[in-house]
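Here's the structure, in structure tokens; my notes come after.
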Amino acid sequence: QVQLAESGGGLVQAGGSLRLSCAASGLSLRSYAMGWFRQAPGKEREFVATITWSGGRTYYADSVNGRFTISRDNAKNTVYLQMNSLKPEDTAVYYCGARRSTVLATERDNYNYWGQGTQVTVSS
């Protein structure tokens, strides 16, 4: 059974940092592009960042570019999202997704598996 488990969320003050992790089981992430999305209350799930299976290419939403960094460790079957200079508008539930493809994607419908999410709250 495929499972993605996010962790690392929490409450942080504006300007602070958090590192999210997404650990996979039941599949090898070596065959998957990975993405992070987020969903704030009353809003749709939106794209945050994505990375190719090798880690050689990444792509970010404009709202987080320069502040967030996505990375992966295929040996540990884990993907990370380092979030720096956090803002109150970054408050959301963060989800990781796995996409069985070598091509990056920013649309949620293009992902095959999802985790349950981890809450990130940034106070002002």
Side-chain angles (χ1 to χ4, degrees):
Q1 182 178 358
V2 174
Q3 287 190 329
L4 300 177
E6 302 94 337
S7 62
L11 174 64
V12 64
Q13 289 187 334
S17 298
L18 284 174
R19 188 176 84 151
L20 306 183
S21 299
C22 172
S25 60
L27 79 167
S28 171
L29 291 185
R30 296 179 187 274
S31 301
Y32 290 79
M34 299 297 294
W36 285 96
F37 287 68
R38 66 187 181 186
Q39 187 166 14
K43 296 186 177 181
E44 293 193 353
R45 191 173 300 188
E46 66 174 6
F47 167 74
V48 174
T50 184
I51 188 168
T52 53
W53 71 271
S54 66
R57 287 186 58 211
T58 58
Y59 183 74
Y60 299 90
D62 289 343
S63 59
V64 307
N65 197 23
R67 299 187 297 122
F68 291 10
T69 302
I70 188 171
S71 62
R72 64 192 298 160
D73 185 339
N74 287 340
K76 295 183 178 180
N77 234 23
T78 301
V79 179
Y80 306 97
L81 185 68
Q82 177 67 43
M83 306 186 295
N84 299 329
S85 303
L86 282 161
K87 305 175 181 180
E89 51 263 44
D90 294 318
T91 295
V93 177
Y94 283 70
Y95 299 88
C96 70
R99 166 175 162 79
R100 195 184 302 112
S101 174
T102 59
V103 178
L104 298 179
T106 62
E107 298 295 324
R108 54 181 291 189
D109 289 345
N110 291 324
Y111 285 76
N112 303 104
Y113 302 105
W114 291 97
Q116 293 300 307
T118 185
Q119 176 70 48
V120 171
T121 303
V122 184
S123 63
S124 57

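Bear in mind that the values here come from a model prediction, so they are computed numbers and not experimental data.
Between the Q3 side chain and the G26 main chain, no donor and acceptor come within less than 3.5 Å of each other. Listed for the T121 side chain is no donor-acceptor partner under 3.5 Å among the backbone atoms of L11. A donor-acceptor pair is defined here as one N or O able to donate and one able to accept, closer than 3.5 Å; such a pair exists between the side chain of N112 and the backbone of R100. Between the side chain of N77 and the backbone N or O of L27 there is at least one donor-acceptor pair closer than 3.5 Å.
With sequence neighbours excluded, the residues forming a salt bridge (charged side-chain N to carboxylate O under 4.0 Å, His left out) with E46 are R38, listed by chain and number.
Between L20 and the options V79, V120, V48, a side chain to side chain contact (heavy atoms under 4.5 Å, CB included) holds for only V120. Under the ring-ring contact (aromatic ring centres under 6.0 Å, His included) test applied with F37, the options Y111, Y94, Y95 reduce to a single match, Y111.
Counted within 6.0 Å of CD on Q119, heavy atoms from surrounding residues, nucleotides or ligands total more than 12; the atom is thus considered enclosed.
For residues 15-37, there are no salt bridge (charged side-chain N to carboxylate O under 4.0 Å, His left out) pairs, not counting sequence neighbours. Residue pairs meeting the disulfide bond (SG atoms under 2.5 Å apart) criterion with at least one member in residues 35-67: none, sequence neighbours excluded. Residue pairs meeting the disulfide bond (SG atoms under 2.5 Å apart) criterion with at least one partner in residues 17-124, sequence neighbours excluded, are C22-C96. Applying the disulfide bond (SG atoms under 2.5 Å apart) test to every pair with at least one member in residues 29-70, sequence neighbours left out, gives no pairs at all.
Note: the hydrophobic cluster containing L4 does not contain F47 (ILVMFWY, side chain heavy atoms under 4.5 Å, direct or indirect links). Linking Ile, Leu, Val, Met, Phe, Trp and Tyr whenever their side-chain heavy atoms come within less than 4.5 Å leaves L86 and V93 in two separate clusters. A single hydrophobic cluster is seen to contain both M83 and V64, as judged by linkage of ILVMFWY side chains at heavy-atom distances under 4.5 Å, directly or through other members.
Rounding to the nearest 0.5 angstrom, the gap separating the CG atom in N110 from the OG1 atom in T50 is 10.0 Å. Separation of atoms OG (S25) and CD (Q1) is listed at 8.0 Å; rounding is to 0.5 Å.
Between T78 and S21 the shortest side-chain heavy-atom distance falls below 4.5 Å.
In terms of heavy-atom proximity, L104 sits nearest to A33 at CD2-CB, 4.4 Å. A14 approaches P88 most closely through the heavy-atom pair CB-CD, 4.1 Å. Taking every heavy atom of both residues into account, A49 and L81 meet most closely at CB-CD1, 4.2 Å.
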Inset, instruction - Kindly determine whether Y113 and M34 satisfy side chain to side chain contact (heavy atoms under 4.5 Å, CB included), including the steps that lead there. - result: CA-CA 10 Å; Y113 302 105; M34 299 297 294; over 6 Å; no

Inset, instruction - Apply side chain to side chain contact (heavy atoms under 4.5 Å, CB included) to the pair S17 and Q82, showing each step before the final yes or no. - result: CA-CA 7 Å; S17 298; Q82 177 67 43; 3.9 Å; yes

Check: residues 66-73 side-chain donor-acceptor pairs under 3.5 Å, at least two apart:
unit_1	atom_1	unit_2	atom_2	d
R67	NH1	S85	O	3.0
R67	NH1	D90	OD2	2.8
R67	NH2	S63	O	2.8
R67	NH2	D90	OD1	3.0
R67	NH2	D90	OD2	3.4
R72	NE	W53	O	3.3
R72	NE	N74	OD1	2.8
R72	NH1	Y32	O	2.9
R72	NH1	T52	O	2.8
R72	NH2	L29	O	2.6
R72	NH2	Y32	O	3.0
R72	NH2	N74	OD1	3.2
D73	OD1	A75	N	3.1
D73	OD1	K76	N	3.3

